[in-house]
Amino acid sequence: ARRRTTSAARASDSDERFFPDPTLSGSGGEDEASADRGALVPDPSTVFDVVADAASGEARLVPAAGASEKALGGMAGLQVSELPEEAEVTIRLFRFFEDRKDEARIWEKELRNVNSGSLMWVPVHMQPKMHSVSGAKYGKWFTVHHIRVYAKQFKSGYFMCEEGCCPLAKAFGATPGMKKLVTGQSLSTGYFWFVSPDKKGSGPSHKDVTDEGNLQKHGWRHLRREGPFDGDAFLAAWRKQGSPTEEKHVQKVLHSMLQ
């Protein structure tokens, strides 16, 4: 049976919770499991940021609370491709929109049939001459969402949505890591876009995207939302720190805003 947790778990409460999966190691012993990278399965109550591996560009998970590498057995994060396909991971996503009043719409409340981005999407979207010439193409307000997904969903296809409508997506999906900027230059790291549909095609929407049924049917489950936050305030704080593109520094800027 999967290990289940309450939806109210906070990253600050669980930044070092990991457990070995005995089915993935020879004897199930703790030492042997810790020595095997494939044997580490994240506790679903730990909230992760999705970042791009510097060498391969593949999705990697780092604790949103900034847990030390010691908590991951000496690894600088967990490679998604090395996790069991059915492993459940809780990730933090960032959703931008133009009108602050839109926060009341159901798709903004629960991330239904919309696109969102990973940690590095926040500065890339806001800063001019990165994603767009003027910056903030999709608006200056953003919310932070925690969702639970299966590791296999990172290999699912990505589709664009519009105003809570996404007829092509059947399940949670992600882009490959993206580095290219509008100037033609490239980031040293990358960012990801995500899609979180609540139905398949023109079928009925799933009634409750916070339940286990949506996880099983569409590959994701909504846990919580924070915000909205002012993107201009983030940009000012980020620039004050020297406009860093290292994930840990972007996390620190966000952490100061989310207090």
Stepwise, does the side-chain contact (heavy atoms from CB on, under 4.5 Å) test hold for Val62 with Gln251?
-> CA-CA 10 Å; Val62 295; Gln251 283 182 327; 3.9 Å; yes

Are [X] and [Y] linked, directly or through other ILVMFWY residues, by side chains that come within less than 4.5 angstrom of each other?
{"X": "Phe159", "Y": "Phe172", "result": "no"}
{"X": "Tyr158", "Y": "Leu168", "result": "no"}
{"X": "Leu181", "Y": "Leu235", "result": "yes"}

So do [Y] and [X] actually touch side chain to side chain, heavy atoms under 4.5 Å?
{"X": "His222", "Y": "Asn214", "value": "no"}
{"X": "Ser243", "Y": "Thr245", "value": "no"}
{"X": "Ser196", "Y": "Val114", "value": "yes"}
{"X": "Glu247", "Y": "Thr189", "value": "yes"}
{"X": "Trp141", "Y": "Phe229", "value": "no"}
{"X": "Glu58", "Y": "Val80", "value": "no"}
{"X": "Asn113", "Y": "Trp107", "value": "no"}
{"X": "Leu83", "Y": "Leu61", "value": "yes"}

Please check: side-chain N/O of [X] versus main-chain N/O of [Y], any donor-acceptor pairing under 3.5 Å?
{"X": "Glu88", "Y": "Tyr150", "result": "no"}
{"X": "Trp220", "Y": "Asp198", "result": "no"}
{"X": "Trp238", "Y": "Pro244", "result": "yes"}

Is the number of heavy atoms from other residues, nucleotides or ligands under 6.0 Å of Lys152 NZ greater than 12?
->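 Counting neighbours around NZ of Lys152, more than 12 heavy atoms of other residues, nucleotides or ligands fall under 6.0 Å, so yes.
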
With rounding to the nearest 0.5 Å, note down the distance linking [atom1] in [X] to [atom2] in [Y].
{"X": "Ser81", "Y": "Arg60", "atom1": "OG", "atom2": "CZ", "answer": "11.5 Å"}
{"X": "Ser116", "Y": "Phe192", "atom1": "OG", "atom2": "CZ", "answer": "13.0 Å"}
{"X": "Met130", "Y": "Leu187", "atom1": "CE", "atom2": "CG", "answer": "4.5 Å"}
{"X": "Arg221", "Y": "Leu111", "atom1": "CZ", "atom2": "CG", "answer": "15.0 Å"}
{"X": "Thr90", "Y": "Arg224", "atom1": "OG1", "atom2": "CZ", "answer": "11.5 Å"}
{"X": "Thr210", "Y": "Leu215", "atom1": "OG1", "atom2": "CG", "answer": "11.5 Å"}

Under the side-chain contact (heavy atoms from CB on, under 4.5 Å) criterion, do Met257 and Phe234 qualify, and how do the steps go?
-> CA-CA 7 Å; Met257 292 187 64; Phe234 166 83; 3.4 Å; yes

Minimum heavy-atom separation for [X] and [Y], please, with both atom names.
{"X": "Gln153", "Y": "Gly219", "answer": "CG-O, 3.4 Å"}
{"X": "Val195", "Y": "Ala171", "answer": "CG1-O, 4.1 Å"}
{"X": "Gly190", "Y": "Ala52", "answer": "N-CB, 3.6 Å"}
{"X": "Val50", "Y": "Ala59", "answer": "CG1-CB, 4.0 Å"}

Using 4.0 Å as the upper bound for N to carboxylate O, is an ion pair formed by Arg112 and Glu110?
->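 Yes, Glu110 and Arg112 are salt-bridged.
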
How far apart are the C-alpha atoms of Ile147 and Leu223, what are their side-chain angles, what is the distance that settles it, and do they pass the side-chain contact (heavy atoms from CB on, under 4.5 Å) test?
-> CA-CA 5 Å; Ile147 71 168; Leu223 301 182; 5.6 Å; no

Indicate whether any N or O donor in one side chain lies under 3.5 Å from an N or O acceptor in the other, for His218 and His206.
->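 No, no side-chain donor-acceptor pair sits under 3.5 Å.
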
Any luck finding a side-chain donor-acceptor pair between Ser56 and Asp53 under 3.5 Å?
-> yes

Relative to each other, are the rings of Phe154 and Phe194 parallel, tilted or perpendicular (30° and 60° limits)?
->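 Answer is perpendicular, since the angle exceeds 60°.
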
Taking the inter-plane angle between the rings of His131 and Trp193 on a 0 to 90° scale, is it parallel (under 30°), tilted (30 to 60°) or perpendicular (over 60°)?
-> perpendicular

Side-chain donor-acceptor pairs under 3.5 Å in residues 95-103, sequence neighbours left out?
unit_1	atom_1	unit_2	atom_2	d
Arg95	NE	Glu108	OE1	3.0
Arg95	NE	Glu108	OE2	3.3
Arg95	NH1	Asn115	O	2.9
Arg95	NH2	Glu108	OE2	2.8
Asp99	OD1	Lys101	N	3.0
Arg100	NH1	Glu103	OE2	2.9
Asp102	OD1	Arg105	NE	3.0
Glu103	OE1	Arg225	NH2	3.4

Lys199: salt bridge (Lys or Arg N to Asp or Glu O under 4.0 Å) partners, not counting sequence neighbours |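 With neighbours one apart ignored, the set is empty.
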
Tell me, with the steps shown, if Leu254 and Phe94 meet side-chain contact (heavy atoms from CB on, under 4.5 Å).
-> CA-CA 11 Å; Leu254 283 166; Phe94 302 86; 3.8 Å; yes

Which donor-acceptor pairs under 3.5 Å do side chains of residues 119-128 form with protein atoms, sequence neighbours excluded?
unit_1	atom_1	unit_2	atom_2	d
His125	NE2	Lys137	N	3.3
His125	NE2	Tyr138	N	2.9
Gln127	OE1	Arg239	NE	3.2
Gln127	OE1	Arg239	NH2	3.1

